[in-house]
2 protein chains.
Amino acid sequence: MILSTKGRYGLKAMFELGLHHGTGPVPLKVIAEKQRIPENYLEQLIAILRKAGLVRSVRGAQGGYMLMKQPENITVADVLLTLEGPLAPSECVLESESSSCDNAEKCITRTVWEKILISIHDVIDGMTLQDMIDDHQKINHTEENDQQENQNVKEQEMML
Amino acid sequence: MILSTKGRYGLKAMFELGLHHGTGPVPLKVIAEKQRIPENYLEQLIAILRKAGLVRSVRGAQGGYMLMKQPENITVADVLLTLEGPLAPSECVLESESSSCDNAEKCITRTVWEKILISIHDVIDGMTLQDMIDDHQKINHTEENDQQENQNVKEQEMML
DNA sequence: AGAATACCCGAGTAAATTTGTCAACATTGG
DNA sequence: CCAATGTTGACAAATTTACTCGGGTATTCT
Ligand code: FES
Ligand code: FES
């Protein structure tokens with residue numbers, strides 16, 4: 001398994017915030033309950049997201065968290081990279097440390113890691129919270145008005 | 001970082017075996033030295049690969065390891081999945097346990113993990129050891145002589 | 001003002017995983 | 001036989017994960 005609970009919980013939490021976007025702050029307890037995340041743990045995760053500028057907080061009674069930007073301007077990559085760090089399969093495909101491996105120019109496995117990295121980023125860079133919300137709406141009730149470009153949905157059953 | 005050293009060392013080792021394919025068994029010590037892998041550790045890894053039917057061993061003096069199949073019939077996925085287990089970003093996209101998550105109908109993050117999984121498999125299923133060997137030959141021919149300071153940062157930009 | 005609500009922060013920690021190391025043994029070639 | 005090499009299982013340090021806990025601070029409601 002690739003991701004830790006940080007990334008998984010974090011994306012769930014951000015999605016939950018996206019659902020309530022524009023309707024005031026959402027208390028941590030609500031996020032934790034709805035997405036079934038240990039509240040004390042989520043506290044830590046959302047602190048990271050806050051410091052990264054993805055969410056902002058409102059203190060005091062009736063406070064909570066809200067998205068800092070519009071859901072269409074927050075990508076899955078923003079969330080996952082913030083919480084998990086680089087999703088590179090190996091050190092040598094990180095920008096930070098390009099000289100960690102000794103014979104990088106001859107190491108052919110490096111090109112494998114690069115291709116995996118690019119492939120992952122194709123997915124997570126190209127998907128925003130708004131895309132997730134749209135998918136969710138479409139699944140929950142498939143009537144409604146909106147007829148816009150079907151960009152990436154491929155009608156796979158989401159079970160149940 | 002996604003992969004552990006198991007997968008990284010393992011793919012290096014398999015690549016090394018691919019280079020020597022058809023020329024008799026390669027001792028563990030040679031693989032370890034050429035790919036700079038702790039020999040005692042590689043011992044464990046190659047045992048896994050042997051049990052998975054990817055390599056076979058020749059005991060005794062002048063013994064060593066060799067690929068069980070042709071390099072073009074061994075994919076990167078074969079190696080990585082053997083050593084790392086499923087590369088799924090989350091439990092819920094494993095065939096083994098599809099009902100592990102309780103409210104899968106509301107969970108839109110699952111589709112994200114599915115897309116990442118598919119994307120990774122597009123890469124690793126479609127690449128064989130022979131592909132890696134071919135790439136290696138090509139690189140050695142083009143920059144045969146000198147060891148230049150290469151900036152691979154350019155390739156990072158491609159992933160957008 | 002005072003109480004309730006809710007974020008903020010740093011410590012601690014048990015369990016799991018990773019990344020090896022080591023020793024004894026089995027097999028083969030010369 | 002002897003040396004080279006694979007086979008196996010045990011052990012363990014270091015790191016990471018996935019939390020828990022306790023006190024502190026800011027804000028709002030009455
Ligand atoms: S593993 Fe990093 S360059 Fe080969
Ligand atoms: S995380 Fe598994 S279904 Fe949502």
Side-chain angles (χ1 to χ4, degrees), chain A residues 1-13 16-17 20 24-68 80 83-87 89-91, chain B residues 1-13 16-17 20 24-68 80 83-87 89-91:
Chain A
M1 214 153 34
I2 295 178
L3 293 177
S4 65
T5 55
K6 278 187 188 173
R8 305 211 302 276
Y9 287 166
L11 187 59
K12 279 185 168 188
E16 187 68 30
L17 286 182
H20 297 85
V26 184
L28 196 68
K29 195 168 75 174
V30 173
I31 305 174
E33 280 173 359
K34 287 215 180 178
Q35 296 295 335
R36 311 195 181 184
I37 304 170
E39 187 178 341
N40 287 328
Y41 190 34
L42 182 58
E43 207 170 50
Q44 291 180 10
L45 305 186
I46 211 160
I48 300 172
L49 294 170
R50 184 174 52 82
K51 286 167 188 164
L54 293 177
V55 304
R56 74 182 187 87
S57 60
V58 178
R59 298 180 75 148
Q62 320 305 328
Y65 294 92
M66 50 181 63
L67 295 182
M68 193 77 126
L80 293 186
L83 292 167
E84 298 277 347
L87 260 45
S90 181
E91 297 171 324
Chain B
M1 223 160 16
I2 296 178
L3 292 177
S4 65
T5 54
K6 276 188 190 173
R8 305 211 301 277
Y9 289 167
L11 188 58
K12 279 185 167 187
E16 187 68 31
L17 286 182
H20 297 84
V26 184
L28 196 69
K29 196 169 73 175
V30 172
I31 305 174
E33 281 173 358
K34 286 215 180 176
Q35 296 294 335
R36 313 197 179 183
I37 303 169
E39 186 178 342
N40 286 328
Y41 190 34
L42 183 57
E43 207 169 55
Q44 288 182 12
L45 306 185
I46 210 159
I48 300 172
L49 293 170
R50 183 173 52 82
K51 285 165 188 164
L54 294 177
V55 304
R56 74 183 187 85
S57 60
V58 178
R59 297 178 77 147
Q62 321 306 329
Y65 294 93
M66 49 181 61
L67 296 182
M68 193 76 127
L80 293 185
L83 291 167
E84 299 277 346
L87 261 44
S90 181
E91 298 171 322

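Chain identifiers are assigned alphabetically (A, B, ...) following the order of the sequence lines, protein sequences preceding nucleic acid strands; residue numbering begins at 1 within each chain.
Legend: residues meeting side-chain contact (heavy atoms from CB on, under 4.5 Å) with A/Gln44, ordered by chain and number and at least two apart, are A/Tyr41. Shown here are the side-chain contact (heavy atoms from CB on, under 4.5 Å) partners of B/Pro25, two or more places apart in sequence or in another chain: B/Val58, B/Met66.
Contact footprint of chain A on DNA chain C: nucleotides with an atom under 4.0 Å from a non-hydrogen protein atom, first to last in 5' to 3' order, C/dT5 to C/dA11.
B/Ile37 and B/Lys12 get closest at one heavy-atom pair: CD1-CB, 4.4 Å. Here the shortest heavy-atom pairing between A/Leu87 and B/Ile2 reads O-CD1, 2.6 Å.
Following rounding to the nearest Å, B/Ile31 (CD1) and D/dA4 (P) show an atom-to-atom distance of 18 Å. In this entry the distance linking OH of B/Tyr41 with C1' of D/dC11 reads 15 Å, nearest Å.
For the OP1/OP2 pair of D/dA18 and a distance below 4.0 Å, the side-chain nitrogens and oxygens of A/Ser4 include at least one atom meeting the criterion. Contact annotation: B/Tyr65 side-chain N/O to D/dT5 OP1/OP2 distance is not under 4.0 Å.
How far CG of A/Leu17 is from CG of A/Leu49: 9.0 Å, rounded to the nearest 0.5 Å. One distance of note links CG of B/Leu28 with CD of B/Glu39; it measures 5.0 Å at 0.5 Å rounding. Here the straight-line distance linking atom CG of B/Leu67 with atom CD of B/Glu16 works out to 10.5 Å at 0.5 Å rounding. Atom-to-atom distance recorded for A/Tyr65:OH and A/Leu42:CG is 8.0 Å, nearest 0.5 angstrom.
For DNA chain C, none of the residues of residues 45-57 of chain B falls under the heavy-atom distance limit of 4.0 Å.
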Handout entry: Base-contact (B) and sugar-phosphate-only (S) positions in nucleotides 21-30 of chain D, heavy-atom cut-off under 4.0 Å, - elsewhere
Key = ---BBBBSS-

For residues 3-10 of chain B, which side-chain donor-acceptor pairs fall under 3.5 Å, sequence neighbours excluded?
unit_1: B/Ser4; atom_1: OG; unit_2: B/Lys6; atom_2: N; d: 3.3
unit_1: B/Ser4; atom_1: OG; unit_2: B/Glu84; atom_2: OE1; d: 3.3
unit_1: B/Ser4; atom_1: OG; unit_2: B/Glu84; atom_2: OE2; d: 2.8
unit_1: B/Arg8; atom_1: NE; unit_2: A/Ser90; atom_2: OG; d: 3.3
unit_1: B/Arg8; atom_1: NH1; unit_2: B/Leu3; atom_2: O; d: 3.1

Problem - side chain to side chain contact (heavy atoms under 4.5 Å, CB included) assessment of B/Val55 paired with B/Arg50 - result: CA-CA 5 Å; B/Val55 304; B/Arg50 183 173 52 82; 3.9 Å; yes

